[in-house]
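See below for the structure under consideration.
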Amino acid sequence: MKSAITAQHLGKCYKVRGMAPPTLFGALKNTFCRKKTEPFWALKEVSFDIPKGKTVGVIGPNGSGKSSLLGLVTGTIFPTTGYVKTDGRISSLLELGAGFHPDLTGTENVYLNAAILGIPREDIRKRMDHIVAFSGLHDFMNMPVKHYSSGMYVRLGFAVAVEMNPDILLIDEVLAVGDIAFQLKCLDRIRDFQRKGKTLLFVSHALQTVEEFCDETFLIHHGDLVARGDPAEVILKYIRAYMGEGGYLYTQEFGTREVEFTQVRLLDDMNREAGSFESGKPMHVDIGYKTSQRIEKPVFGFSLKTGNGFYVFGSNTQIEHYDIPYIEGEGHIRLTINPLPLLQGNFFLSLSVHSWDHATQYHRREDWYPFGVKNTGETLGIFHINSQWSHG
Amino acid sequence: MDASACCWKAWNKKMDRNVNVIRTIWMRREMLHNLVSRELKSRYKGSVLGFMWTILTPLFMAIIYVFFLRLLARGVPMEHIIIGVFAWQFTASSVNSGLTAITGNANLVKKVFFPRIILPTASTLAQLITYLFSLIVQLLLVAILLGIKGEHLSAWTLALPVLVAYHTLFNMALAYLLAAANVFFRDAQHLVGVLLTAWFFASPAMYDLSIVEKVAGTRPWLLDVYMLNPMAVIIGGYRALMLPDASVPWSIFTLIGLLIPLALFFIARISFRRLQRDFADLL
């Protein structure tokens with residue numbers, strides 16, 4: 001299969017010159033004083049190959065080099081090492097409204113933006129109604145865009161950008177703006193692109209979307225392409241390696257450590273380790289522990305929070321009347337949630353083990369285990385509530 | 001040739017298509033057209049008189065110049081000053097808008113892939129359009145002033161488009177150089193402001209070439225050096241074309257002064273091409 005994007009040893013190095021803009025004086029000072037400028041590698045020796053018609057998601061923590069990668073593929077940034085080759089017309093949704101002039105009206109800006117993106121004027125004239133309808137800004141097209149809200153700005157930008165009918169579409173976390181209805185429209189448009197066999201490369205923090213849309217996922221961390229492959233696996237790795245333990249999440253760990261958690265694994269209904277679970281199916285948490293001495297009547301507990309910190313549920317073995325007489329040495333305990341009532345989104349699992357009288361906290365890992373939940377049904381919300389209807 | 005040099009070539013080719021700047025610009029003519037109209041439209045957006053200002057501004061300027069220069073520069077005929085000042089205005093405003101052509105569009109340069117040369121080209125062309133409008137006012141005024149003296153516009157006035165094109169080429173070269181320089185050294189903005197003032201007095205905008213000739217009477221080399229200034233040739237040229245009694249002192253130095261803009265244009269073009277790959281990093 002022919003490849004749409006090929007990168008070989010692609011690297012980008014920035015010379016960090018402090019925060020001040022470059023000045024003549026600064027340049028002279030550097031030449032005479034031979035002051036070392038700190039090189040910063042935003043992307044290091046990345047090589048990949050994306051076949052035509054594939055959708056690739058790029059994930060990674062903030063500042064990992066995702067946007068640099070997209071900039072290099074677009075061509076706005078020039079690589080320090082290696083090269084990137086693209087085959088076909090590129091449009092990138094990283095520039096939504098980039099060329100808009102605040103004083104010009106919506107219509108004028110559509111023409112301007114189209115011209116900057118290289119779309120012929122005639123095409124835009126023909127598709128104007130379509131653009132206006134898609135953006136949903138019919139009543140605002142004759143208003144200077146400086147009076148637009150940021151959402152309206154992006155909607156108009158998106159409506160123009162997708163008119164370009166590119167072979168390769170680059171998307172940089174732009175769908176997060178705009179309301180739900182518009183987001184759905186955008187996702188619809190993206191599916192349309194996929195059906196037409198276009199190549200998509202997109203950066204997102206919405207892991208569900210990545211898992212849903214991508215054929216392959218790249219994980220970038222500190223400028224390295226640390227993992228690539230099946231979206232579910234890569235997302236799991238991302239969640240495990242960089243969001244959870246030792247990652248960037250705001251996590252806390254405390255306790256006397258007379259009992260300590262060792263390996264904790266999140267398993268799906270097929271007993272496979274997973275980072276993302278289907279709503280309504282069972283979810284297992286295999287908790288490994290070790291103790292330094294015999295512990296009488298320990299209590300294991302867990303709690304769940306949503307990605308934005310909303311406390312969803314908490315329970316423990318004491319409340320559930322599952323008494324453990326004692327533990328000693330190493331062992332396992334399994335927590336099963338069946339069916340998983342959570343519907344959609346990212347969640348955090350906290351684990352704790354403490355004494356029967358709550359006096360001693362042996363070990364607690366707060367927000368330590370993130371996981372995603374996928375909604376397979378049609379109901380909406382954070383979690384599933386059993387409901388029946390009756391009539392008459 | 002190593003891979004990265006090869007890459008640069010490919011990138012440059014994709015970015016600019018061709019070393020031939022005319023071809024690059026022609027391929028993105030729609031973008032150019034839109035950028036120029038953006039510049040012109042946004043300049044007058046929100047004002048009651050709108051695009052009328054393109055004519056009104058030079059008209060008011062002309063009236064002010066005529067009024068005050070009558071008091072100050074007695075020796076120089078008014079039509080000479082009007083021609084000189086308007087021509088100078090074109091260059092000065094091209095330099096100023098060219099300076100910020102890249103830095104003022106940072107968002108665009110960082111996020112969209114297009115030939116960067118379009119930006120300073122558009123800013124200069126927008127100035128050219130303004131200048132063309134002011135040229136109409138200027139021609140009217142000069143015709144009236146000459147009419148009072150019982151003279152007419154020279155037939156050479158018809159050759160004005162050639163000189164305007166040449167003048168634009170020079171301004172474009174300056175815009176390319178300064179647009180690129182300003183990305184690397186923001187000091188350029190301030191430095192250029194000072195240099196423009198010095199250059200204004202070193203160019204025959206407010207005075208006449210005949211005055212320079214008079215001053216240089218005993219030292220002929222002074223006139224030679226003076227004529228190396230392209231603006232001296234260009235402003236002198238405008239006067240020579242429009243006015244029946246003006247001429248450019250021809251010498252080898254005048255020819256060099258005439259060739260400098262051409263050379264500068266190619267230097268500017270090549271340096272811009274070399275520098276543009278770092279634009280996005282520095283903005």
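A note on names: the letters A, B, ... follow the listed sequences, proteins ahead of strands, and every chain is numbered from 1.
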Seminar exercise, completed: Between Thr76(A) and Ala280(B), the two heavy atoms sitting closest are O-CB, 3.2 Å

For this session: Please determine, among Glu108(A), Gln8(A), His9(A), the option with the most heavy-atom pairs under 4.5 Å with chain B.
Result: Glu108(A)

Problem set entry | Atom pair CG (Leu108(B)) and NE2 (His101(A)), whose distance is rounded to the nearest 0.5 Å | 11.5 Å

For this session: Please tell me if the side chains of Lys41(B) and Asp103(A) come closer than 4.5 Å, counting only heavy atoms from C-beta onward.
Result: no

Problem set entry | Worked check of side chain to side chain contact (heavy atoms under 4.5 Å, CB included) between Arg121(A) and Asn34(B) | CA-CA 10 Å; Arg121(A) 194 179 177 82; Asn34(B) 271 283; 3.9 Å; yes

Exercise. Checking heavy atoms, do the side chain of Lys85(A), its backbone, both or neither come under 4.5 Å from chain B?
Worked result: neither

Exercise. Counting distance only, does the side-chain N/O of Arg28(B) pair as donor-acceptor with the main-chain N or O of Ile116(A) below 3.5 Å?
Worked result: yes

Exercise. For Leu112(A) and Leu35(B), what are the C-alpha separation, side-chain angles and deciding distance, and is it a side chain to side chain contact (heavy atoms under 4.5 Å, CB included)?
Worked result: CA-CA 7 Å; Leu112(A) 175 66; Leu35(B) 284 175; 4.1 Å; yes

For this session: Start with the C-alpha distance between Asp281(B) and Tyr14(A), add both sets of side-chain angles, then the distance that settles side chain to side chain contact (heavy atoms under 4.5 Å, CB included), and finish with yes or no.
Result: CA-CA 7 Å; Asp281(B) 296 356; Tyr14(A) 290 103; 3.5 Å; yes

Problem set entry | Closest heavy-atom pair and its distance - Thr74(A), Lys111(B) | CG2-O, 4.5 Å

For this session: Nearest 0.5 Å please: distance from the CD atom of Glu30(B) over to the CD atom of Glu122(A).
Result: 8.5 Å

